[in-house]
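Chain naming here is simple, since letters A, B, ... match the order of the sequence lines and numbering starts at 1 in each.
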2 protein chains.
Amino acid sequence: MAITIRDVAKRAGVAPSTVSRVIADNPSISEKTKNKVRTVMKEMNYFPNIYAQGLASAHSKTFGLVLPLATDAFYQNPFFPTVLRGINFEMAKHDYSILLSVGLDDDQRRKHIEKIVNGKQVEGLIFLYASKNDPLLRFAQEVNCPAVVIGSPDNTKVHYVDNDNDLIGYQATTALIQQGCQRIAYIGGDMDQFFIADRHKGYERALKDHSLAYDPKHIYNDFAFLPSDGYNLAKDTLDLENIDGMVISDELVAEGVRNYLDTQDIQDVHTITFSAYHQGNTQSMNKTSYVNLNSQIIGSRAVDILFEALEPDQASTRFIHEYVDADLHTT
Amino acid sequence: MAITIRDVAKRAGVAPSTVSRVIADNPSISEKTKNKVRTVMKEMNYFPNIYAQGLASAHSKTFGLVLPLATDAFYQNPFFPTVLRGINFEMAKHDYSILLSVGLDDDQRRKHIEKIVNGKQVEGLIFLYASKNDPLLRFAQEVNCPAVVIGSPDNTKVHYVDNDNDLIGYQATTALIQQGCQRIAYIGGDMDQFFIADRHKGYERALKDHSLAYDPKHIYNDFAFLPSDGYNLAKDTLDLENIDGMVISDELVAEGVRNYLDTQDIQDVHTITFSAYHQGNTQSMNKTSYVNLNSQIIGSRAVDILFEALEPDQASTRFIHEYVDADLHTT
DNA sequence: CTGAAAGCGCTTACAG
DNA sequence: CTGAAAGCGCTTACAG
């Protein structure tokens, strides 16, 4: 049917094994032979059968990407495409592919992962979220499948990459304090999300270090991560009279809040948020600061770590916990 | 190394070919044998090697999912996770996997697709977008790779699924007219996007059919699809004095527009938009209508069509162009 | 209803 | 620097 390595070999006047080595760019093959074989491959429009390569070499050259449930607000956030871009960038370098693992419920997702991991369709897993007591992550650990989490899971026996959310919460809050804010609110969201809770910790510590009182009334949670929610939050819930600064964990929420402030022409409230990807077009507005999370870098680092984890020469089991630097942009 | 079909066969006291047939649930194997073999497979925690299956059977059991460039505003829209949910739902039924094809530029994306298609890593492609003169789509056609587009491409020689955007543009506009609107604006966005242009056509036709004048001043384009843009559009650009209804193509933009209207307490302007997935929590507001696009169904239909296209018994080449019904919800 | 055998298209020691 | 041979772990006619 399809054209195979034998066909190429025959036409090029070499052995199939030689063609195979040319595909792998094996240094023991002479440039002359390589050129000849490559020319023939082009002529015949030859492409190696990936499944045959995978079976023979025991390398599928693909990673599984584990996404949250498809209903998750996660997908609305620029974080997702940005980190995906980073992952893709790094995988392309290594000529690896991404197999998606979604699923309508945990059971379905687990079965799928079980199948692709045990069935050797993937060499490793990238978790695009960190959640409490994740059964899928536990499974990966049980079967000893190399895995890296993007985020900070409640489980240290796994590789992960993240921003240092405690630190950036601290930095963001400190930035507002240095701009003169005294009554700073923390607009979190779901405190069950580790990054929300960690940034909150940093916020709290920053207040303390600068001798400002921590006031539970200034902590806002329990709303979804959508701009309309930010807008409505500002309109209906925030006690704007008693706030001169806000640390807003989610950038879409921050956008909604700013829209409201603009509408009401409220000019004396500073805001700072955390941005996966800073679009050039955003005019740097007055009293509007942000922390660039460099999420694309998080994605590529995750891939790098997975490749490291795949190296067989690691004497000991160790887990890489890496924090990607974020940069503060104040106005 | 890993446990294979031979190990299972030995332990179960049958031939490897029998085990293979049990895996495939081949009806020619007795229930008794099936049970015995299945028990052993469980005991030994056996999972078939997917690459070996794929190589031997010439079925990779995976489809490639072609995404737009990672920078695309597309990812911000609920359409993406919703359609992904539909795709996943349908693929899970058939026990198929999804291989992602992203890429930082067209060249990289094309090379990757070339590799996975020619290398038999995927049996078909699902395009999650329709764009003008898409080189990737053209490539799929050239190599005769089964493909289905989600959206309406400028190319009829391919399968596709979409809403009937002309029709729903018509229906949405008519709904506003029936609610008494006379000066209806069309908030589109990028007229290069086929769905924006098609809904606009329907809008224009509805006006005509109801003897309302088409006024170019009422057509708004050239802004991005983000809620903040909707808000700012309403604030700075829209001529709200002369508008009593708006057909807003993008639901996030619509959200921004409504936020602005609420703020200004403008109550006499109807809006209607198109929604990929209607969240239950949205209180049905006054003069706020929507068209449910049933995007999840679009996703599952795309998968079904791809499976149909894979059937070898199709005598003639034919292309399926399917429109998924949308439902109008007025207030 | 089941088994023995060939084959899918590669890679990789091994030998030279 | 290159080739012959075995093997990766399955599936699938073919035969009985």
Worksheet item: For B:T4, which contact category applies under a 4.0 Å heavy-atom criterion: base, sugar-phosphate, or nothing?
Response: sugar-phosphate
Worksheet entry | Option passing side-chain hydrogen bond (donor to acceptor under 3.5 Å, both in side chains) with A:N155 (candidates A:K132, A:Q141, A:R138) | A:Q141
Practice prompt. Give none if D:dG16 has no partner; otherwise give the nucleotide forming a Watson-Crick or G-U wobble pair with it, both distances under 3.5 Å.
Written response: C:dC1
Worksheet item: Among the nucleotides D:dC10, D:dG3, D:dT2, which one has an atom lying closest to any side-chain atom of A:S30?
Response: D:dT2
Response to the item:
Closest to the side chain of A:A52, out of C:dC10, C:dT2, C:dG3, is C:dC10
Worksheet entry | Shortest side-chain distance from B:S28, nucleotide among C:dG3, C:dC10, C:dT2 | C:dT2
Practice prompt. Give the ring-plane orientation class for B:H159 versus B:F319, where under 30° counts as parallel, over 60° as perpendicular and anything between as tilted.
Written response: tilted
Discussion item. Quick check on DNA chain D: between B:T18 and B:Y51, whose nearest nucleotide comes earlier from the 5' end?
Written reply: B:Y51
Worksheet entry | Upstream residue (5' side of DNA chain C) when B:A15 and A:Q53 are each assigned their closest nucleotide | B:A15
Worksheet item: Between B:I23 (CD1) and D:dC10 (P), how many Å, whole number?
Response: 6 Å
Practice prompt. Using whole Å, report how far CG of A:N49 lies from P of D:dT11.
Written response: 15 Å
Worksheet item: With under 30° as parallel and over 60° as perpendicular, where do the rings of A:F307 and A:Y96 fit, or are they tilted in between?
Response: perpendicular
Response to the item:
Winner on side-chain proximity to A:T33, out of D:dC1, D:dC8, C:dC10, is D:dC1
Worksheet item: Which one, C:dT2, C:dT12, D:dC1, comes nearest to the side chain of A:S20?
Response: C:dT12
Worksheet item: Whole Å only: how far is the CG atom of B:L55 from the P atom of D:dG7?
Response: 17 Å
Worksheet entry | Options D:dC10, C:dT11, C:dA4, nucleotide nearest the side-chain atoms of B:P48 | D:dC10
Worksheet entry | Aromatic ring pairing A:Y323/A:Y160, orientation class (parallel under 30°, perpendicular over 60°, tilted between) | perpendicular
Worksheet item: Hey, is the side chain of A:S17 pairing donor to acceptor with the base of D:dA4 inside 3.5 Å?
Response: yes
Worksheet entry | Spacing between A:N118 atom CG and D:dG9 atom P, to the nearest angstrom | 14 Å
Fill in: Candidates C:dT12, D:dA13, D:dT11 - which lies nearest the side chain of B:I5
D:dT11
